[in-house]
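First the structure, in the form of structure tokens, and then the observations on it.
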Protein chains: 2
Amino acid sequence: MVHYQARLDATFAALSDVTRRGVLEQLGGSDASITDLAQRFHMTLTGMKKHVSVLEQAGLVITEKVGRVRTCKLGSRRLEEEAAWIEQHRQLWSARFDALDELVEQLKRKEKADAKRKRR
Amino acid sequence: MVHYQARLDATFAALSDVTRRGVLEQLGGSDASITDLAQRFHMTLTGMKKHVSVLEQAGLVITEKVGRVRTCKLGSRRLEEEAAWIEQHRQLWSARFDALDELVEQLKRKEKADAKRKRR
DNA sequence: CATACAGTGAACCATATGGTTCACTATCAG
DNA sequence: CTGATAGTGAACCATATGGTTCACTGTATG
């Protein structure tokens with residue numbers, strides 16, 4: 001569990017930049033090259049390359065270079081640890097303030113509905 | 001929704017430091033003064049004050065100074081947005097992997113069919 | 001009053017971050 | 001072969017971060 005804290009550090013840091021969150025959303029739609037991403041976020045190739053490296057370091061993105069183009073796609077890490085950490089502390093909050101959280105209930109219902117839909 | 005991104009920035013940045021996550025966990029147990037926290041995390045008062053300020057800025061901690069001691073406790077924000085963001089992207093990840101599974105299944109079925117056809 | 005204690009703010013330091021330009025390599029297309 | 005294209009790495013820059021020390025204010029307390 002030595003790496004656990006460092007990993008949380010890296011992931012939360014990766015997520016703390018609006019451009020990088022945008023890249024993740026973009027890659028959620030479809031894979032993209034560095035050039036694609038650089039254009040979409042109005043940035044130099046070099047700048048985007050750095051962001052992608054940060055995301056790759058955090059395990060959130062995988063890249064592969066074939067020919068001269070490097071293709072980026074979502075990584076295999078699924079933010080379970082981060083979700084768990086936040087959930088744990090959301091519960092702490094809730095316990096302390098003893099208030100019910102409508103949004104999460106909505107999310108849960110939505111999840112269930114999604115799951116149901118997927119199952120059919 | 002202009003503030004939305006800035007808030008995510010601030011919160012994820014606040015969570016990206018191991019000391020600050022520690023402080024949140026500590027405050028989950030009980031309220032504490034700056035001195036308490038500084039001692040527990042082997043840091044100067046000034047250093048801890050900065051961390052607390054960052055957490056307060058992100059709305060994760062509330063402080064109140066009475067007499068000469070400033071008491072820190074968990075704030076009213078409960079990480080709903082961050083949980084929602086992560087959950088949303090966990091689902092994206094999942095969706096992509098489901099799609100991949102489906103593709104593999106299709107390939108398998110196709111292979112079987114091909115094999116059958118060849119055998120005849 | 002005198003002294004100790006809790007916190008604060010300014011200044012400083014080293015390192016990290018987010019971005020650029022520029023020079024370069026490697027690959028693709030004609 | 002020639003040019004254009006995609007990416008890379010080094011150097012640079014401004015600002016942010018995580019920490020310190022030091023001087024200071026305000027509050028308790030003997």
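The sequence lines fix the lettering, A, B, ..., with proteins before strands; numbering per chain opens at 1. Just so you know, these numbers come straight off a predicted model, no measurement behind them. All values below come from the heavy atoms of this structure, side chains included, with hydrogens, waters and symmetry mates left out.
Between the P atom of C:dG18 and the CZ atom of A:Arg21 lies a distance of 11 Å, rounded to the nearest Å. Rounded to a whole Å, the CE atom of A:Met48 is 11 Å from the P atom of D:dG7. For the pair A:Asp17 CG and C:dG18 P, the interatomic distance rounds to 5 Å; values are reported in whole Å. Spacing between atom CG of A:Leu45 and atom C1' of D:dT5 amounts to 10 Å, rounded to whole angstrom units. We find that NE2 of B:His42 is positioned 12 Å from P of D:dT20, with the value rounded to whole Å. As a whole-Å value, the separation of A:Lys65 NZ from D:dA6 C1' is 7 Å. With rounding to whole Å, B:Arg20 atom CZ is found 8 Å from D:dT17 atom C1'. Spacing between atom NE2 of A:His51 and atom P of D:dT8 amounts to 15 Å, rounded to whole angstrom units.
Nearest nucleotide to the A:Lys50 side chain, out of C:dT20, C:dT8, D:dG19: C:dT20. Here the nucleotide nearest the side chain of A:Thr44, chosen from C:dA6, D:dG18, C:dT21, is C:dT21. Comparing C:dG7, D:dG19, D:dA11 by their closest approach to the side chain of B:Met43 singles out D:dG19.
Within the structure, every side-chain polar atom (N or O) of A:Arg68 is placed at least 4.0 Å from both OP1 and OP2 of D:dA4. Dashed line: the shortest gap from a side-chain N or O of A:Thr46 to OP1 or OP2 of D:dT8 is not under 4.0 Å. Remark: A:Lys49 is in phosphate contact with D:dT8, judged by side-chain N or O atoms under 4.0 Å from OP1 or OP2.
The 12-atom threshold is not exceeded at CD of B:Gln57, counting heavy atoms of other residues, nucleotides or ligands nearer than 6.0 Å.
Across all their heavy atoms, B:Gly28 and B:Leu74 have their closest contact at CA-CD1, 3.8 Å.
Counting only N and O atoms by type, the side chains of A:Thr63 and A:Glu56 include a donor and acceptor under 3.5 Å apart.
Both A:Ala13 and A:Val66 lie near DNA chain C, and the one whose nearest nucleotide falls closer to the 5' end is A:Ala13.
Across all strands, B:Gly47 comes closer than 4.0 Å to base atoms (heavy-atom distances).
Formation of a donor-acceptor pair under 3.5 Å by the A:Asp9 side chain with backbone atoms of A:Ala6 is not found in this model.
The closest side-chain heavy-atom distance from A:Leu24 to B:Trp85 is below 4.5 Å.
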